[in-house]
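By convention in this document, chain letters (A, B, ...) are assigned in the order of the sequence lines, proteins followed by strands, and residues within each chain are numbered from 1.
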Amino acid sequence: DGGITQSPKYLFRKEGQNVTLSCEQNLNHDAMYWYRQDPGQGLRLIYYSQIVNDFQKGDIAEGYSVSREKKESFPLTVTSAQKNPTAFYLCASSDQVGRTLAEAFFGQGTRLTVV
Amino acid sequence: RKEVEQDPGPFNVPEGATVAFNCTYSNSASQSFFWYRQDCRKEPKLLMSVYSSGNEDGRFTAQLNRASQYISLLIRDSKLSDSATYLCVVITGGFKTIFGAGTRLFVKA
């Protein structure tokens, strides 16, 4: 079955550590996105990529980094520079970016907690 | 002003009630509009797209008002299973996808 997979589901990070969240899709979608969701707030865009080897900052990119070496994969690294990383992270993918309306498919999310 | 704004609620309604949510957007060049449903601690899932002419899917009706720059979602004959957070999504010209903060709905027996 086609879909988008995030791992791990739960992640605990110590202060000062970098951690990487995995996102893989087999939908053959060109575009992939990372969002962050805090309690009572909507999804905020961290980074997005429209094509392999290219990515753009979203609204809250500081303290995060990404790579897009393969079409299927878009890992997100939460660096020690991110001052408040505890949140629910959602990865999404979509097709037909910039041309027509594009439904986004989401992974099941990674809940990151700083301990 | 936020690019997309929703009333956070919560809306508490009895089963069988009709409830409506609005979502306003600030960019008049916005091209595509959607409603997503998000259950607690789960990922958002597409509920329905919103077309200029309005569209209906069973008990759900979505409307777009470009002149006043808002979209709406109407739920008729509410069910307990409709309890969730409803997110409006706006795609502006080119690419940018913007999510609203969501409106929480609780349907009570």
Completion exercise
Interatomic distance, CD1@B/Ile98 vs CG@A/Asp59, rounded to 0.5 Å, equals 7.5 Å
Handout entry: Crowding at NZ, A/Lys71 (>12 non-hydrogen neighbours, <6.0 Å)
Key = yes
Fill in the blank from the handout: CD of B/Gln38 to CG of A/Leu90, rounded to nearest 0.5 Å, is 6.5 Å
Practice task
Answer yes if B/Val19 and B/Val50 sit in the same cluster of Ile, Leu, Val, Met, Phe, Trp and Tyr residues linked by side chain heavy atoms under 4.5 Å apart, and no otherwise.
Solution key: yes
Completion exercise
Bottom line for A/Gln37: the part with an atom under 4.5 Å from chain B's heavy atoms is side chain
Handout entry: Joint hydrophobic cluster, B/Leu74 plus B/Leu87, side-chain heavy atoms closer than 4.5 Å
Key = no
Exercise for the section: Give a yes or no on this: more than 12 heavy atoms of other residues, nucleotides or ligands lie within 6.0 Å of atom CD of B/Glu15. Expected result: yes
Handout entry: Neighbour count >12 (heavy atoms, 6.0 Å) for atom CD, A/Glu72
Key = yes
Practice task
Please find out if less than 6.0 Å separates the ring center of B/Phe99 from that of A/Phe106.
Solution key: yes
Handout entry: Heavy-atom proximity to chain B below 4.5 Å, by part of A/Arg111
Key = side chain
Fill in the blank from the handout: Counting heavy-atom pairs under 4.5 Å with chain A, the top scorer among B/Val89, B/Val4, B/Leu46 is B/Leu46
